[in-house]
Number of protein chains: 2
Amino acid sequence: MKPERKSGEESGSTRDAILDATEAIMVEEGYSAVTSRRVAERAGLKSQLVHYYFRTMDELFVTAYERSEKEFLQRHLQAVSSQNPIRALWDLAIHPKRTRLSQELIALSHHRKSMRSITARVLEQTHAINTAFIGKYLQEAGVDPDEFPPVVVSHIINGLSRGLINEEAVGVSQGHSELRAFAECWISKLEAAHGQAHASGDKAEIDAPASA
Amino acid sequence: MKPERKSGEESGSTRDAILDATEAIMVEEGYSAVTSRRVAERAGLKSQLVHYYFRTMDELFVTAYERSEKEFLQRHLQAVSSQNPIRALWDLAIHPKRTRLSQELIALSHHRKSMRSITARVLEQTHAINTAFIGKYLQEAGVDPDEFPPVVVSHIINGLSRGLINEEAVGVSQGHSELRAFAECWISKLEAAHGQAHASGDKAEIDAPASA
DNA sequence: GTCTATAGGCCGATAGAC
DNA sequence: GTCTATCGGCCTATAGAC
């Protein structure tokens with residue numbers, strides 16, 4: 001029934017080519033441009049082969065999503081485990097292709113029920129990881145978790161980068177230097193505060209907004 | 001050629017019904033579900049009528065976008081001119097239908113060239129307005145515009161609300177209370193600082209992150 | 001595993017009656 | 001302005017030869 005890799009599983013180059021083409025089309029033209037014919041054309045194949053490897057388009061989308069999910073998770077864990085997780089997350093988030101793809105997958109899940117549970121899982125995972133790792137980092141840098149909860153920081157990073165990338169995609173660059181400068185400012189301040197705290201064995205301080 | 005309202009222009013209810021149906025389908029099922037047949041069905045019409053009012057689907061999309069643009073702009077100006085523009089913008093941004101529609105229109109503009117210039121215009125307008133109005137408000141509240149540029153604040157508002165609404169759409173609610181609390185905290189602090197500054201005729205203070 | 005052939009559906013768009 | 005009828009196209013998916 002299913003393709004089912006042979007025993008000596010060299011990860012099916014045709015199958016991978018189909019998934020690669022799917023991702024590329026999503027990023028460049030949006031999810032609605034992903035059709036069996038166009039995917040095949042992009043991969044240099046006949047459209048029927050797409051149906052051989054993936055019985056339905058739904059199965060193709062789900063498989064592509066799950067492959068991306070793995071990659072996202074891996075990079076996310078890597079970023080969050082690095083010396084400055086905030087900077088690493090920011091660098092990851094402003095990567096245009098990755099962010100476009102993730103946006104497109106979310107948009108697709110508004111259109112196809114089969115994708116929603118994956119999106120939900122991805123978003124939940126992200127929160128769980130960020131709460132653990134960013135939370136620890138922020139705490140060590142002396143940030144009050146009641147005023148800047150890790151999940152908020154995570155949302156800000158994702159939100160700002162998404163905005164940046166959407167605008168660049170339509171040729172708007174207004175305010176981008178301010179945005180990048182803002183990110184850089186906070187990141188390096190956190191970096192300094194965190195380093196200082198580690199050096200002195202004490203908490204550094206980052207001021208919250210004054211209670212007016 | 002074109003529909004061309006008669007002299008006594010009662011704003012073509014059929015035409016409006018088509019545009020309304022277009023928006024509704026976009027919000028509920030995504031832009032790729034917008035077809036002449038489905039729009040017509042939703043509006044209780046024959047699909048050919050869609051082509052009578054809008055020669056091509058591109059024309060339908062552009063017209064729908066421009067109608068939304070007007071509405072967005074109007075609400076945006078209204079929000080930004082209110083007593084607490086930040087709060088008003090936040091309240092506007094967390095409105096699910098509106099934000100879903102605007103996201104869908106942006107996604108559509110990644111797929112259709114004809115929409116890109118409209119998206120660019122909308123985003124530029126938003127920046128221009130926010131720089132003027134939010135900038136003034138923040139300045140009056142004693143916020144250093146070098147550390148929190150209005151355009152950054154605007155991006156944060158949009159980014160956070162988009163994240164919130166995407167997650168709610170797939171059934172994730174993790175961290176939402178923190179997010180809303182975070183927004184509420186900052187909004188009310190700005191409100192207090194702004195009110196205080198106006199009362200005393202002086203600048204209130206909102207601390208920026210400490211230079212570590 | 002890859003090919004040819006093809007069924008059957010929804011789509012955009014047009015022509016022409018009323 | 002709204003209707004009926006219809007064309008050609010791209011789509012998903014399957015059947016069967018090799």
Side-chain angles (χ1 to χ4, degrees), chain A residues 1-22 24-26 28-65 104 108 111-115, chain B residues 1-22 24-26 28-65 104 108 111-115:
Chain A
M1 243 30 4
K2 274 202 177 172
E4 221 69 275
R5 289 293 103 231
K6 299 289 172 70
S7 55
E9 32 78 354
E10 20 120 27
S11 59
S13 70
T14 302
R15 185 185 162 94
D16 283 347
I18 291 170
L19 292 173
D20 291 343
T22 300
I25 294 171
M26 268 196 197
E28 291 165 25
E29 307 177 67
Y31 70 82
S32 66
V34 175
T35 66
S36 52
R37 279 171 162 82
R38 291 211 227 178
V39 166
E41 188 191 29
R42 173 105 192 191
L45 305 166
K46 297 287 175 181
S47 71
Q48 293 87 337
L49 266 187
V50 174
H51 291 291
Y52 172 74
Y53 284 97
F54 307 95
R55 174 169 282 276
T56 63
M57 292 305 285
D58 240 76
E59 195 176 309
L60 170 61
F61 280 126
V62 167
T63 308
Y65 203 167
E104 216 55 49
L108 178 55
H111 183 61
R112 288 195 180 238
K113 285 178 198 166
S114 53
M115 314 288 282
Chain B
M1 225 98 303
K2 272 201 180 173
E4 221 70 276
R5 291 290 103 234
K6 299 289 172 70
S7 55
E9 33 76 354
E10 20 120 26
S11 59
S13 69
T14 301
R15 185 183 162 95
D16 284 346
I18 291 170
L19 293 172
D20 291 343
T22 300
I25 294 172
M26 269 196 196
E28 292 165 24
E29 308 178 66
Y31 69 83
S32 66
V34 175
T35 67
S36 53
R37 281 170 164 82
R38 291 211 227 177
V39 166
E41 189 192 26
R42 171 107 193 188
L45 304 166
K46 298 286 175 182
S47 72
Q48 293 88 335
L49 266 187
V50 174
H51 291 291
Y52 172 75
Y53 284 97
F54 307 96
R55 173 169 284 275
T56 64
M57 291 305 286
D58 240 78
E59 197 176 307
L60 170 61
F61 281 126
V62 167
T63 309
Y65 203 166
E104 217 54 50
L108 179 54
H111 183 63
R112 289 197 178 236
K113 286 179 198 166
S114 53
M115 315 288 282

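Below, chains carry the letters A, B, ... as their sequence lines are ordered, and counting in each starts from 1. Below, all heavy atoms of this structure are taken into account, side chains as well, without hydrogens, waters or symmetry copies.
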Contact class for A/Ser47 (heavy atom, under 4.0 Å): base, sugar-phosphate, or nothing?
nothing
Would you find a donor on one side and an acceptor on the other, under 3.5 Å apart, between the side chain of A/Glu104 and the backbone of A/Tyr31?
yes
Using a cut-off of strictly less than 4.0 Å, decide whether [X] has a side-chain nitrogen or oxygen near OP1 or OP2 of [N].
| X | N | answer |
| --- | --- | --- |
| B/Ser36 | C/dC11 | no |
| B/His51 | C/dG12 | no |
| A/Thr14 | C/dT2 | yes |
| A/Arg38 | D/dC11 | yes |
| B/Arg55 | C/dT14 | yes |

Using the closest heavy atom to pick a nucleotide of DNA chain D for each, name whichever of B/Leu49 or A/Gln48 lands nearer the 5' end.
B/Leu49
Side-chain heavy-atom pair A/Ile18, A/Arg15 within 4.5 angstrom cut-off
no
Do B/Lys46 and B/Tyr52 touch side chain to side chain, with heavy atoms closer than 4.5 Å?
no
Whole Å only: how far is the CD1 atom of B/Ile18 from the C1' atom of D/dG1?
11 Å
Please report the distance, rounded to the nearest Å, between NZ in A/Lys46 and C1' in D/dC10.
16 Å
Salt bridge check: are A/Arg42 and A/Glu29 linked by an N-O gap of less than 4.0 Å?
no
Testing C/dC11, D/dA13, D/dT4 for proximity to the side chain of A/Met57, the answer is D/dA13
